[in-house]
Each structure stands twice: as C-alpha cells, then as structure tokens.
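Report on the following structure.
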Protein chains: 2
Amino acid sequence: MRKPEIRERILEYIRHSLDEKGYAPTVRDIMRGCNISSTSLVQYHLNILEREGQIRRDPEVFRSIQLVEKDIIEVPLLGTIAAGEPIPVVDSGTWTNHAEETLRVTTDLVGRRGDIYALKVKGTSMLDALINDGDIVIMEATQTVADGETAAVWLKNEQEVTLKKIYREPRRIRLQPANSEMKSIYTRPENVEVQGKVVAVLRKLED
Amino acid sequence: MRKPEIRERILEYIRHSLDEKGYAPTVRDIMRGCNISSTSLVQYHLNILEREGQIRRDPEVFRSIQLVEKDIIEVPLLGTIAAGEPIPVVDSGTWTNHAEETLRVTTDLVGRRGDIYALKVKGTSMLDALINDGDIVIMEATQTVADGETAAVWLKNEQEVTLKKIYREPRRIRLQPANSEMKSIYTRPENVEVQGKVVAVLRKLED
DNA sequence: ATTTGTATTTAACAAGTGTTCTATAGCACA
DNA sequence: TGTGCTATAGAACACTTGTTAAATACAAAT
C-alpha cells in the first residue's frame with residue numbers, strides 16, 4: 001500500500017460519478033477522469049480496491065462498480081418504546097430479518113455507524129425529552145454513553161424507561177431532560193441501566 | 001397509452017434492479033426479467049417511458065437508465081427560524097441554488113412532494129411544539145393548511161413566528177401546541193399569516 | 001374493407017467495455 | 001548484482017450492450 005493517493009482519487013471519482021450521473025463509471029471513464037494513462041492501470045487499482053473491500057463489482061457486468069459505503073442505511077424498526085416497559089432486547093445479528101418494518105435514513109442524519117435501530121414512541125411520557133407520541137427515535141445499541149449524551153435509561157426501582165441526558169456525579173447520576181425548562185432528576189448508579197444511545201429523533205407530521 | 005401494464009412491469013423491474021443490484025439493468029436484463037420476447041420491444045417501451053419523463057438515459061452509455069423518482073430528496077437549508085423573526089422568504093425556483101447547505105432526506109420521511117425546504121431552529125421558543133434549539137424543521141411552502149395540520153404562523157401583532165396546529169373556529173383561530181400539556185392560544189384570523197406547513201422535524205443528537 | 005396507429009418479432013451491426021497479455025520501470029532488500 | 005514486489009504502459013481480444021431496419025400482427029377508427 002505504498003501509493004494510496006491514486007486509489008483515493010479513484011474512489012472520489014466514483015463517488016462523484018455515482019452522485020452526479022447516477023450510474024457508475026467505466027474503466028475508461030475513470031482513466032480520463034483521474035488522468036491515468038492506461039486502462040490496465042485503472043484495472044489494477046480497482047482490483048486492489050475490491051480486494052480491500054472498498055468497492056464491489058459484478059464480473060462481466062459493465063458499469064457495475066458500487067461503493068461499499070452507502071448513502072442510505074436501512075434501520076430496522078424494532079418496536080415501540082413507552083414509559084412502562086423496557087425497550088425491546090436487541091439481538092445483534094438476526095436483526096434486520098425480524099424487523100417487520102424498516103426505515104430508510106440517510107447517513108446525513110445518523111452517520112455511518114452500525115448497530116442502530118429505530119423505535120416508535122408510544123404515549124406522551126417523553127414530553128420532557130421533547131418527544132411526542134408517534135415520534136421515532138433512532139438508537140445506537142451501546143452500554144457506554146459519554147456524559148452529556150442522551151440515553152435510553154431503564155430505572156429499576158421505578159420500572160420505567162426514560163430518555164435523558166446523562167451526567168455522572170460523585171455519588172449519583174443526574175438525568176437531565178432535553179427540555180431546559182424542566183428539572184433534572186437524580187438517582188443512584190445502581191438504579192440506572194443504560195439501554196442505548198439516542199442518535200436522532202424523527203417526527204413525521206400529517207401522513 | 002393502451003397497454004401500460006408492461007411499462008409498469010418494466011419500471012418495477014428497474015426499481016427492483018437498482019435497489020437489489022445497485023446498478024441499472026440492460027435492455028436484455030429487462031427482457032428476461034419481464035418475460036418480454038425481444039430487445040427491440042423493450043427498447044420501444046423504454047423510449048416511450050423516456051418520452052413520458054419516467055426514466056432518463058444517456059445515449060451511448062450502457063446501463064444508464066435512471067428512474068426520475070428519487071429515493072433521496074435534496075432539501076435546501078434556507079436559514080433559521082426563531083420566534084422573533086419571520087421565516088425566510090421562499091423564492092420558488094431559484095431555491096436550491098441559493099442554499100448554502102442542502103439536506104439529504106429519504107422520501108420515507110417527507111414523501112415525494114415538491115417545494116419543501118428546511119430551517120434550523122434557533123433558540124428555545126418552540127419548546128411548546130416539542131422542538132428544541134438546533135432541531136431542523138422541514139417545511140412545505142403553502143398558504144393552504146387544513147385544520148389540525150401544523151403550520152408556521154406569523155402573528156402580526158406579536159411580531160413572532162410560532163409552530164402550532166391550526167384550527168379554524170367561528171370567529172377566531174385556535175393555535176394548539178403539539179405538547180398536549182400546554183394550553184392553546186386564540187387569536188383573530190387577521191392576525192395570523194400562514195407561512196408554511198411543517199412536514200417533519202429532525203433532531204440530531206451528538207455530532 | 002381500408003386505413004392508421006400501437007405493439008411485437010427477428011436479425012444484425014456498431015460501439016462500449018472488461019479483461020488479459022506482454023513489457024517496462026522503479027525501488028527495497030539481501 | 002540479482003531477486004522480487006509494486007506501479008505503469010500499450011495494445012489487442014472477446015464479450016456486452018444499445019440501436020436500428022424491415023416486416024408482421026392486431027385492434028380501433030373511418
């Protein structure tokens with residue numbers, strides 16, 4: 001991997017082509033577009049890119065180059081989230097199959113992270129998180145949440161889920177609502193179980 | 001347009017192909033995939049579809065069929081919305097050019113309607129609409145809003161914008177916050193100027 | 001019954017395109 | 001100096017694919 005710059009250029013050109021034209025470039029397109037002097041050199045680098053898993057091609061199909069990075073991510077809609085019930089267990093792997101419905105979302109919104117899923121909010125118990133009945137929250141499955149990030153928290157004593165910004169303090173945990181007009185609540189670390197991190201909230205008006 | 005079924009089948013196949021494989025089918029692919037008995041018949045129908053504006057092709061480029069219907073819509077981010085200032089004037093047409101930034105959104109979220117734009121919320125004045133500082137609202141440019149839909153309303157006397165569900169009553173207009181715990185406000189019809197309809201709300205957590 | 005326009009078939013050509021072969025150059029390493 | 005690996009060039013071949021011409025079928029309209 002001595003000279004990756006040319007491969008970067010090629011990837012960039014493919015991206016640009018796909019975006020601009022709507023279809024993939026040919027070897028010769030890439031040759032012209034990247035100022036490369038022979039088709040076989042392009043071929044050579046495409047083979048490497050494919051071996052590295054950066055692109056995919058179908059043999060014997062013209063213009064079949066696809067970037068592995070995708071613009072649209074299919075997010076499985078795994079169920080509902082409501083105050084009184086824990087959020088559905090996330091069985092990584094079997095995921096997308098189980099999902100009755102799947103939500104299509106651009107990477108603009110959720111980035112390129114993996115292991116994300118969506119939940120539909122049931123009821124108005126999340127109003128303090130500025131989340132309404134019917135909204136959709138997109139979650140990342142993780143137990144590690146940094147201070148200040150919004151997490152889905154299961155409160156063991158209260159037996160309920162809540163979406164709050166989480167802050168660790170000396171001997172307690174502060175759970176702060178997104179709505180700055182509402183007060184934080186405090187609880188002991190043993191009482192909280194982080195069930196995931198909120199990545200985004202979607203609200204569709206009028207269907 | 002006597003027999004449009006076959007063209008429907010072709011469109012469906014192209015959609016499927018694009019989605020599944022990631023690239024457009026060839027005339028011969030379509031032939032096989034739709035049980036059509038000759039390439040020229042496919043060609044014939046593709047020409048019609050192109051004339052009708054349903055697909056686009058680049059002459060002399062293999063696999064260049066593109067559906068005109070798009071999965072991703074580029075929404076121009078036209079500016080900010082805050083309580084104290086009217087929302088930016090929407091100069092239909094010149095739109096996308098002016099936009100410094102553009103938001104990519106799937107049709108899952110906003111449907112296929114045209115004339116939509118995005119605004120970034122500044123400040124916490126929209127909390128009663130369950131909209132926070134930094135959220136993005138996607139608007140449809142329209143003056144006609146049905147009862148119960150959420151609209152961006154400019155209140156002339158108060159000189160401020162607010163996002164509320166709108167209901168016409170006998171001699172007044174009821175503006176109801178999305179947050180069901182907050183009270184509606186009432187005003188005279190002359191005082192309200194509908195500036196658009198809210199289509200969706202996006203909230204990106206942690207950048 | 002003739003016309004007219006849409007829908008279809010068959011076959012072939014020309015151009016686009018991926019692939020491969022051979023040869024060359026630079027560079028590191030021993 | 002030789003060996004081996006990566007990067008590059010040029011050209012030719014074979015397959016893929018869009019396009020077209022000419023002819024036929026079929027239904028509706030006159």
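The analysis underlying the following values was restricted to heavy atoms, covering all of them including side chains, and did not include hydrogens, waters or symmetry mates. Lettering follows sequence order; numbering is per chain, from 1.
Helix-axis bend for the helix from dT2(C)-dA29(D) to dA30(C)-dT1(D): the local axis fitted to the five terminal pairs at one end deviates from that at the other end by 20°, rounded to 10°.
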Per-nucleotide protein contact string for nucleotides 11-19 of chain C, where B marks a base within reach and S marks sugar-phosphate only (heavy atoms under 4.0 Å, - for neither): BB---BBBB
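Residue-environment remark: CD (Gln143(B)) stays at or below the threshold of 12 foreign heavy atoms within 6.0 Å. Heavy atoms of other residues, nucleotides or ligands lying less than 6.0 angstrom from CZ of Arg168(A) number more than 12.
A straight line from OH of Tyr44(B) to P of dA7(C) spans 4 Å, rounded to a whole angstrom. Atom CG of Leu46(B) is separated from atom P of dG18(D) by 9 Å (rounded to the nearest Å). Atom pair Met31(B):CE and dA7(C):C1' shows a separation of 17 Å (rounding to whole Å applied).
Between dT8(D), dA9(D), dT6(C), one nucleotide has an atom nearer to the side chain of Ser37(A) than all others, and that is dA9(D).
Geometric assessment of Arg172(B) against the ring of Tyr186(B) yields a positive cation-pi assignment under the 6.0 Å and 45° thresholds. The cationic group of Arg174(A) lies under 6.0 Å from the six-membered ring centre of Tyr167(A) and within 45° of the ring axis, placing it in a cation-pi geometry.
Checking the phosphate oxygens (OP1, OP2) of dT8(C), a side-chain nitrogen or oxygen of His45(B) falls inside 4.0 Å.
Atom CG of Leu109(A) is separated from atom OG1 of Thr106(B) by 8.5 Å, given to the nearest 0.5 angstrom.
Counted by atom type alone, Asp58(B) and Tyr23(A) present one or more donor-acceptor pairs between their side chains at under 3.5 Å.
Considering only heavy atoms from C-beta on, Val105(B) stays 4.5 Å or farther from Asp108(A) through its side chain.
The stretch residues 135-146 of chain B participates, sequence neighbours left out, in these salt bridge (Lys or Arg N to Asp or Glu O under 4.0 Å) pairs: Arg113(B)-Glu140(B), Asp135(B)-Arg203(B), Glu140(B)-Lys197(B).
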